[in-house]
Amino acid sequence: MDLAYSPEEEAFRARLREWLAKTLPSLPPKPSPDDWPGRRAYDLGWQRTLYDAGYADVHWDASPTTRLIFLEETERAGAPYVGANFVGLLHAGPTIAAEGTAEQRARWLPPILRGEEVWCQGFSEPDAGSDLASLRTRARRDGDAYVVSGSKLWTSHAEVADWCELLVRTDGEAPKHRGISWLAMPMDAPGVTVRPLRTLAGSTEFAEMFLDDVRVPVANRVGAENDGWRVTMVTLSFERGTAFVGEVVACRRVLVEVAREARANGAWDDSGVRRRLGRLNAEFRALWRLTQWNVSEGEASGGVPGVGGSVFKLRYSRARQELYELAAEVLGPDALDLERGWVLDRLSSLSYTIAAGTSEIQRNIVGERILGLPKG
């Protein structure tokens, strides 16, 4: 498997670097983390800037390798993160591009690319835990619409979203993995109630969502009725396969900064600290190579990442936690100061073994789908 970049890909990298160097200094200041309308406007504005420059389609119309280069270079340059556009660009958009009809692609993809609409993710539920397929939100067919009732938890960016990628149970008698459908639900539909949730770090990018007889057109179903679990696996393959690429680059940068801080404050004299820094450097280098391997595999399979993304997600989640645990040790008492860099990142890192599929679920996927071990 060739992990080298082609001359055309390196030319794309050079053009992108040049454009970022010219564009980033002219961006307006970022809004307050608590100003969600402001953050939505800022994130959509950045997406529109990418669209006008011809870089908006890298998340699904470009090759996986081009997508990898884009995420790597924008992170290295300190460009704005996708932010409120996360679900639309990295989850729902790629899923609709892969599984949607021509009409669905025409309706939903251009507004995401132009920075006009925000999506949220309505997958998790209060009683489902890590077993996503045990969801209870019901969708009853009524003519040309589904009538949806239930609740969702950890609904990313629901406060500012226009659309929700929603998993519902359309057949209560079918085995739990076979009675699920994937719907695109308008967030302004009557019966949708959103209540923000405050995280340990003090942010409110998640919410709980209550659905009371919400009517969703049947035309908004992506994939066949009761085939939503397969469609969901496509969504999750993108979430675990390429959505964390920029964060690996960011972690490698933070690791260098932690080493610099250790040299400055004397923590470098501890051989244990130096040993952990060296091991984490090797860990993130290996994760980057694994990312390239997964992208190369996705290139060969038509652009959809494979189950290798679960291997990446499993190890990356823990490596990120280890990085910020080490950063806290290097900071010493300053690790309790929420105004210091890395402190809030350390708090958010605690969620990574749960977000995008718990580590236990990832181990099951690796054991059953890669190693061929029996279920249960």
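These values consider heavy atoms only, across backbone and side chains, with no hydrogens, waters or symmetry-generated copies.
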Legend entry - Beyond-backbone contact of Ile96 with Trp182, side-chain heavy atoms, under 4.5 angstrom: yes

Inset, instruction - May I ask you to decide if Ser6's main-chain N or O and Glu9's side chain share a donor-acceptor pair within less than 3.5 Å? - result: yes

Legend entry - Glu10/Arg13 under salt bridge (Lys or Arg N to Asp or Glu O under 4.0 Å): CA gap, chis, key distance, verdict: CA-CA 5 Å; Glu10 291 294 359; Arg13 184 194 300 276; 3.0 Å; yes

Inset, instruction - Output yes when a side-chain donor or acceptor of Arg169 lies under 3.5 Å from a complementary backbone atom of Ala133, and no otherwise. - result: yes

Legend entry - Distance-minimising heavy-atom pair for Val160 and Ala84: CG2-CB, 4.4 Å

Inset, instruction - Tell me, please, which residues at least two apart from Glu117 pass side-chain hydrogen bond (donor to acceptor under 3.5 Å, both in side chains). - result: Arg107, Trp163

Inset, instruction - Compute the ring centroids of Trp19 and Tyr55, then answer whether they are less than 6.0 Å apart. - result: yes

Legend entry - Met209-Phe123 co-clustered via ILVMFWY side chain contacts under 4.5 Å: no

Inset, instruction - Kindly compute the distance separating CZ (Arg67) from CG (Leu90), expressed to the nearest 0.5 Å. - result: 9.0 Å

Inset, instruction - Give a yes or no answer on whether the side chain of Ser26 reaches the backbone of Thr23 with a donor-acceptor pair at less than 3.5 Å. - result: yes

Legend entry - Where Ala158 and Ala207 come nearest, the two heavy atoms and their spacing: CB-CB, 4.0 Å

Inset, instruction - Measure centre to centre between the rings of His157 and Phe86, then say whether the value is under 6.0 Å. - result: no

Legend entry - Interatomic spacing from CZ in Phe12 to CZ in Phe70 - rounded to 0.5 Å: 7.0 Å

Legend entry - Audit row: Arg17, Arg76, side-chain contact (heavy atoms from CB on, under 4.5 Å) steps and yes/no: CA-CA 10 Å; Arg17 281 183 177 176; Arg76 282 180 172 170; 4.1 Å; yes

Inset, instruction - Could you tell me whether a side-chain N or O of Arg318 sits under 3.5 Å from a main-chain N or O of Arg320, the two making a donor and an acceptor? - result: no

Legend entry - Evaluation steps, side-chain contact (heavy atoms from CB on, under 4.5 Å), between Arg221 and Val218: CA-CA 6 Å; Arg221 187 189 67 232; Val218 173; 3.6 Å; yes

Legend entry - Distance-minimising heavy-atom pair for Val273 and Ala267: CB-O, 3.7 Å

Inset, instruction - Would you mind checking if Glu208 and Lys152 are paired as a salt bridge, meaning a charged N to carboxylate O distance below 4.0 Å? - result: no

Legend entry - Separation between CZ of Arg260 and CG of Asn265, rounded to the nearest 0.5 Å: 13.0 Å

Inset, instruction - Using the rule that two of Ile, Leu, Val, Met, Phe, Trp, Tyr join whenever any of their side-chain heavy atoms come within less than 4.5 Å, decide whether Val222 and Trp229 are in one cluster. - result: yes

Inset, instruction - Kindly indicate whether the side chain of Gln104, heavy atoms from C-beta on, has any atom under 4.5 Å from the side chain of Glu99. - result: no

Inset, instruction - Could you grab the distance from atom OH of Tyr81 to atom OG1 of Thr74, nearest 0.5 Å is fine? - result: 10.0 Å

Inset, instruction - Run the salt-bridge test on Glu18 and Arg15 with the 4.0 Å N-O cut-off and return the result as yes or no. - result: no

Inset, instruction - Would you check if Cys251 and Tyr316 make a side-chain contact, meaning some heavy-atom pair closer than 4.5 Å? - result: yes

Legend entry - Other residues, nucleotides, ligands: >12 heavy atoms within 6.0 Å of Arg285 CZ: no

Inset, instruction - Could you tell me whether Arg48 and Asp52 make a salt bridge, using a distance below 4.0 angstrom between a side-chain N and a carboxylate O? - result: yes

Inset, instruction - Give a yes or no on whether Ile69 and Trp288 share a hydrophobic cluster (residues Ile, Leu, Val, Met, Phe, Trp, Tyr; joining criterion: side-chain heavy atoms under 4.5 Å apart). - result: yes

Legend entry - Side-chain (Asn226) to main-chain (Ser181) donor-acceptor, under 3.5 angstrom: no

Inset, instruction - Return yes if some donor-acceptor pair links the side-chain N/O of Asp171 with the main-chain N/O of Gly179 below 3.5 Å, else return no. - result: no

Inset, instruction - State, yes or no, whether a side-chain contact exists between Arg275 and Leu277 at a heavy-atom distance under 4.5 Å. - result: no

Inset, instruction - Answer yes or no: is there an ion pair linking Arg40 with Glu159, defined by an N-O contact shorter than 4.0 Å? - result: no

Inset, instruction - May I ask you to test the Asp127-Arg136 pair for a side-chain heavy-atom distance under 4.5 Å? - result: yes

Legend entry - Closest heavy-atom pair and its distance - Leu153, Leu197: CD1-CD1, 3.8 Å

Legend entry - Worked verdict on Thr170 versus Arg141 for side-chain contact (heavy atoms from CB on, under 4.5 Å): CA-CA 8 Å; Thr170 42; Arg141 183 77 175 260; over 6 Å; no

Legend entry - Residue pair Val168 / Ile180, side-chain heavy-atom distance below 4.5 Å: no

Inset, instruction - Could you check if a side-chain atom of Ser149 sits within less than 4.5 angstrom of a side-chain atom of Leu211, using non-hydrogen atoms only? - result: no

Legend entry - Option passing side chain to side chain contact (heavy atoms under 4.5 Å, CB included) with Pro80 (candidates Leu50, Leu24, Asn85): Leu24

Legend entry - Beyond-backbone contact of Tyr42 with Asp35, side-chain heavy atoms, under 4.5 angstrom: no

Legend entry - Shortest non-hydrogen contact between Ala139 and Val148, atoms and distance: CB-CG2, 4.0 Å

Inset, instruction - For Arg178, look at atom CZ and say whether over 12 heavy atoms of other residues, nucleotides or ligands are found less than 6.0 Å away. - result: no

Inset, instruction - Any chance you could measure Leu167, atom CG, to Ser124, atom OG, to the nearest 0.5 Å? - result: 9.0 Å

Inset, instruction - Determine, for Arg276 against Glu325, whether the closest basic-nitrogen to carboxylate-oxygen distance falls under 4.0 angstrom. - result: no

Inset, instruction - Please answer: with hydrophobic residues joined when any side-chain heavy atoms are less than 4.5 Å apart, are Leu71 and Trp46 in the same cluster? - result: yes

Inset, instruction - Indicate yes or no for a side-chain donor-acceptor contact from Asp162 to the backbone of Val118 under 3.5 Å, with no hydrogens or angles considered. - result: yes

Inset, instruction - Look at the side-chain heavy atoms of Ile, Leu, Val, Met, Phe, Trp and Tyr, link any pair under 4.5 Å apart, and say whether Val192 and Val87 land in one connected group. - result: no

Inset, instruction - Any chance you could lay out the side-chain contact (heavy atoms from CB on, under 4.5 Å) test for Met185 and Val214, step after step, and finish with the verdict? - result: CA-CA 9 Å; Met185 182 185 71; Val214 180; 3.9 Å; yes

Legend entry - Main-chain N/O of Leu113 paired with Gln47 side-chain donor or acceptor, under 3.5 Å: yes

Legend entry - Lys/Arg-Asp/Glu bridge criterion (N-O < 4.0 Å) met for Arg274, Asp269: no

Legend entry - Spacing of Trp268 atom CH2 and Arg263 atom CZ [to the nearest 0.5 Å]: 4.0 Å

Inset, instruction - Would you kindly say whether Glu225 and Tyr146 are connected by a side-chain donor-acceptor distance under 3.5 Å? - result: yes

Legend entry - Arg215 side chain to Val147 backbone, donor-acceptor under 3.5 Å: no

Legend entry - Least distance between heavy atoms, Ala219 atom then Trp108 atom: O-CH2, 4.5 Å

Inset, instruction - Could I get the full list of side-chain hydrogen bond (donor to acceptor under 3.5 Å, both in side chains) partners for Glu165, not counting sequence neighbours? - result: Gln121

